[in-house]
Amino acid sequence: MADRQWRGARPLKPPGQGRAAHKILAGMAVLAVLLLLSVIIPLVAQAVPALNAAFLFGRAPGSIAPEAVNTVTMVAISAAVSFPLALLAGLYLVEFARPSRWTRAFDQFTGTVLSVPSIVVGLVVVDVAVVRWHWPVSTLTGILALTLMNWPLTVALVVEALQSVPGLYRDGSWALGASRWQTVTRLILPLALPQMIEQGGMAVARLMGETAVLIYTAGVNVGPGWALGGPGESLAVHLWLLRTEGVTDLASSQAAATGVVLLGLVFLVLWGSRRLAEWLQDTA
Amino acid sequence: MRADRIAALVMKGALALFIAVWVMVAVIVGAGAWRFVSANGLVGPLVSSRWSPLAAHYGILAFVVGSMAVTGLALVLAAPGVLALSVTGARILRGAPQRAFIQILTLFVAVPSVVYGWWGLSVAVPLIRRLTGTAGFGPLSAGIVLAVMIVPTFSIMALQTLRQVPSSLVEGSLGLGASEDQTLWHVILPASRAGLSQGFLVAVGRALGETIAVQMVIGGQSRVLSLLKPGATLTTQLLTDLALMPARTPGHDALDFMALWLMILMAVLVWLQSRVRGMSRG
Amino acid sequence: MAPDIEVDSLDVWYGQARALKEVTLHLGPGKVLALIGPSGCGKSTFLRVLNRMIDRAPQVRVKGAVRVGAFEVLAGDVDVTALRRTVGMVFQQPNPFPMTIFDNVAYGPRIAGLRQMAKLRQTVEDSLKKAALWDEVRGKLRRSAMSLSGGQQQRLCIARALAVNPQVLLLDEPTASLDPVSTAKIEELIVQFKTHYTMVIVTHNLQQAARVSDAVAFFEHGRLVEMGPTHDIFTAPRERRTEEFLTGRV
Ligand SMILES: Nc1ncnc2c1ncn2[C@@H]1O[C@H](COP(=O)(O)OP(=O)(O)OP(=O)(O)O)[C@@H](O)[C@H]1O
Ligand SMILES: [Mg+2]
């Protein structure tokens, strides 16, 4: 039956005429994707000789396990510090403050500070924490630097997620006699959370790759074990150091392997945050 | 309501802390820059390209020009790729392939800049070396690395803008006998002007502020623009000299001076962005 | 000269869903056909086949034959851009381009390769006059089209369609988003255009169909239930379903 009704029916292809530019652009897009892949593929290829258990998890010098631990802990702690602070500030801006010249000026302010180059943040953290407060070049100072880097971006993403919740919902809730606080916690936050988590994943991924801000704050060494005041070289810094100072073949394949591990962590964070966001969306 | 008032107070505190900390950052940088200007003047350092801290000569012209050249080069090199990727992702692909395409671009947005720097050192620099017979380090390599780095960010933004062009406009154009190509050039791209400018400004900001990827391939010498010879930018010079001139050493204030310029440039870019947004609304 | 339209057992599928079933009809040159029927019955689909705008839907399949004047619309080798220049279209929501009034009307001729400014000006003026918008916008042609009211925007879209010298006009609920005064102006235009253009108009407003059309086609569930002269359909429909629809007993 289904077959009979299809007999003689033909698909309508969009006309081929007048699409030359589209075809050229599609061809260029293929080239551009290949170019982007040329960033990843040689990295993986060069990393293969160095990717072994001793390098990844070993306790001997040369293993990147300490760098991986430093990266994950510094990023996790600074995200855990900056996110709640940013959430509170963002909630105030969107849900409590009346829109005014000041809130608009604040948008400008956040936009500016979130694009301050990371080396400038590094400069200030060195001047203040290391020179003035005599903090050691350590994971602690690294955490401070990363927190400072992450804070404005997180404020911006919180504000954006909250603003994406339609205002009608708020009116509806207030009309039922709910207070602002109740409206925010019961209605708005659950609705905005998936987007916050997905964007937050991007922010955390960015933190993992931060290099310039960490070189003089967390340093280029690792200690015998993890300590808050101990040397805090991260994966990204390690990769930078190996690739700009190391010259041996071993160093270059270790650099590539470090890059692969870093990329793996970054993609894991992206994937995890997206899955979490989807799950929250579905259960909501 | 009581709970509301307490909540608002806590939130205001968080906001105030955020503002205070970043104002402090600006003040610290500004104070150093002020000391620098008092000692060296404002215009002199900007028009001199002699950077020799040991002789107390702090001309930053080479770095300013370097930053601008590298950024401009990156944008020019990235433009065709951005156009191709965004048109392909927004107007050629549909359904599942389109979603996959966008996801792949998003992954590249998240690739750390040090990895792009690695690519520059391992692929771009040797290639330039072979093609030109120079060492391969310099603004040209830096521009190439930056271009590859900003293509995903810029493309995603352009792609989302192109996707949002209402299909009623597209059909209006096709209905008048315009071809797909004509519709793209004459309706879709002009209607996306505001969003594309926005993406452009974000890309400029990223390129101008990028440190590590550029530092890895630019060579690190104070020299007024030569594309194929080692040079430096504001950010890369900050990175190299931060180690040589720690706080309270004479040259340190010069670093604050450069940092302040970077912050001002970023503020201008953000202001331009808000102008562009207003344009698209008005 | 205005062409005739002939449709022979036309079927349209969107993926697995069949939107039109064996539609056969003939419309004489210079006549106005009104398409009526409940929501989702395939009126827009039918209209969009006539200028191949249907191509834009993903996974669309067609069967049957459609002829507009000399155009075999569904033939694989038809020149779609030429067809669309001959068969103009006006949409439910006014969709002026975000450009000046002048550039909107000049868009079609420019696309077709007209470059001479004097001719462009003449075409723009003629088209705006035909769409009864000239008096309201003369001297303001450099203003953005977005500054016009909804009704003016819709007449601008009509002028824009007329500027490429079409012979057929397709109008998909052209007054659905307009106020009564603007609606009356557009209806007036349609009546004036009769005999110059062959027109197909989709409308949910039965009075409108009665006022402007020569013939009415009633669609339901993708089938053409009945087609006939407007007067006959409204006074003596042959099919029970048509009568139920016209009297509101859907
Ligand atoms: N692009 C599309 N993809 C899939 N199905 C579609 C598409 N466009 C329309 N349809 C379906 O085809 C059927 C006919 O749609 P059509 O738009 O032609 O109806 P209509 O008579 O114009 O309705 P209305 O009066 O609401 O405008 C509907 O069931 C609709 O859901
Ligand atoms: Mg319809």
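Per chain, numbering begins at 1; letters A, B, ... match sequence-line order.
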Minimal non-hydrogen separation, [X] against [Y], with atom names:
X      : Y      : answer
B/A110 : A/V266 : O-CG1, 3.5 Å
B/A14  : A/A89  : CB-N, 4.0 Å
B/F101 : A/V33  : CE1-CG2, 4.2 Å
B/T211 : A/S118 : OG1-OG, 4.4 Å

Identify which part of [X] has an atom lying under 4.5 Å from any heavy atom of chain A, answering side chain, backbone, both or neither.
X      : answer
B/P80  : both
B/I92  : side chain
B/I28  : side chain
B/T88  : side chain
B/V21  : side chain
B/A26  : neither
B/S122 : both
B/V148 : both
B/L93  : neither

Between [X] and chain B, with a heavy-atom cut-off of 4.5 Å, which part of the residue counts as in contact: side chain, backbone, both or neither?
X      : value
A/I215 : side chain
A/V30  : neither
A/L270 : side chain
A/L31  : neither
A/P152 : both
A/V184 : neither
A/V128 : side chain
A/Q46  : side chain
A/L37  : both
A/V131 : both
A/L123 : both
A/L36  : both
A/V113 : both

For chain A, the option from [options] that forms the most heavy-atom pairs under 4.5 Å:
options                        : answer
B/S179, B/G209, B/A84, B/G205  : B/A84
B/V10, B/V202, B/L184          : B/L184
B/M216, B/Q182, B/Q273         : B/M216
B/A16, B/A8, B/A243            : B/A243
B/I104, B/L238, B/V123, B/T183 : B/L238

How long is the span from the [atom1] atom in [X] to the [atom2] atom in [Y], to the nearest 0.5 Å?
X      : Y      : atom1 : atom2 : value
A/F96  : B/L15  : CZ    : CG    : 13.0 Å
B/R206 : A/S115 : CZ    : OG    : 12.0 Å
A/L35  : B/F108 : CG    : CZ    : 9.0 Å
A/K23  : B/E180 : NZ    : CD    : 11.0 Å
B/M11  : A/L93  : CE    : CG    : 10.5 Å
B/W118 : A/L43  : CH2   : CG    : 4.5 Å

Quick one: are [X] and [Y] in side-chain contact, heavy atoms under 4.5 Å?
X      : Y      : answer
B/S274 : A/Q108 : yes
A/T211 : B/P112 : no
B/I212 : A/I119 : no
A/F267 : B/L107 : yes
B/W22  : A/L148 : yes
A/W240 : B/Q215 : yes
A/Y216 : B/L239 : yes
A/V39  : B/M149 : no

For each of A/A97, A/A86, A/A256, A/S38, tally heavy-atom pairs with chain B at distances under 4.5 Å, and name the one with the top tally.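 Max contact count across the listed options: A/S38.
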Between A/G111, A/G90, A/P84, A/S82, which shows the greatest number of heavy-atom pairs under 4.5 Å with chain B?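 It is A/G111.
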Strictly distance-based, threshold 3.5 Å: is any side-chain N or O of B/D181 a donor or acceptor partner for the main-chain N or O of A/H22?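 Between the backbone of A/H22 and the side chain of B/D181 there is a qualifying donor-acceptor contact (under 3.5 Å).
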Stepwise side chain to side chain contact (heavy atoms under 4.5 Å, CB included) check, B/I19 with A/F109: CA-CA 9 Å; B/I19 296 174; A/F109 179 77; 4.2 Å; yes
Please test B/V114 against A/R243 for side chain to side chain contact (heavy atoms under 4.5 Å, CB included), starting from the C-alpha separation and ending with a verdict. CA-CA 10 Å; B/V114 68; A/R243 201 58 190 81; over 6 Å; no
With a 4.5 Å heavy-atom cut-off (strictly below), which parts of residues 260-271 of chain B touch chain A? List them by number.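 Against chain A, the residues of residues 260-271 of chain B that fall inside the cut-off (heavy atoms, under 4.5 Å) are B/L262, B/M263, B/M266, B/A267, B/V270, B/W271.
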Between B/F18 and A/W151, does the ring centre distance come in under 6.0 Å?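 When the ring centroids of B/F18 and A/W151 are compared, they turn out to be within the sub-6.0 Å range.
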Is it true that atom CH2 of A/W174 has more than 12 heavy atoms of other residues, nucleotides or ligands lying nearer than 6.0 Å?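 Result for CH2/A/W174: enclosed.
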side-chain hydrogen bond (donor to acceptor under 3.5 Å, both in side chains) partners of A/T147, counting only residues at least two apart: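 Here no residue qualifies.
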Would you check, one step at a time, whether the test side chain to side chain contact (heavy atoms under 4.5 Å, CB included) holds for B/V109 with A/M202? CA-CA 9 Å; B/V109 172; A/M202 285 296 276; 3.8 Å; yes
Start with the C-alpha distance between B/T106 and A/R274, add both sets of side-chain angles, then the distance that settles side chain to side chain contact (heavy atoms under 4.5 Å, CB included), and finish with yes or no. CA-CA 12 Å; B/T106 314; A/R274 183 165 304 155; 4.1 Å; yes
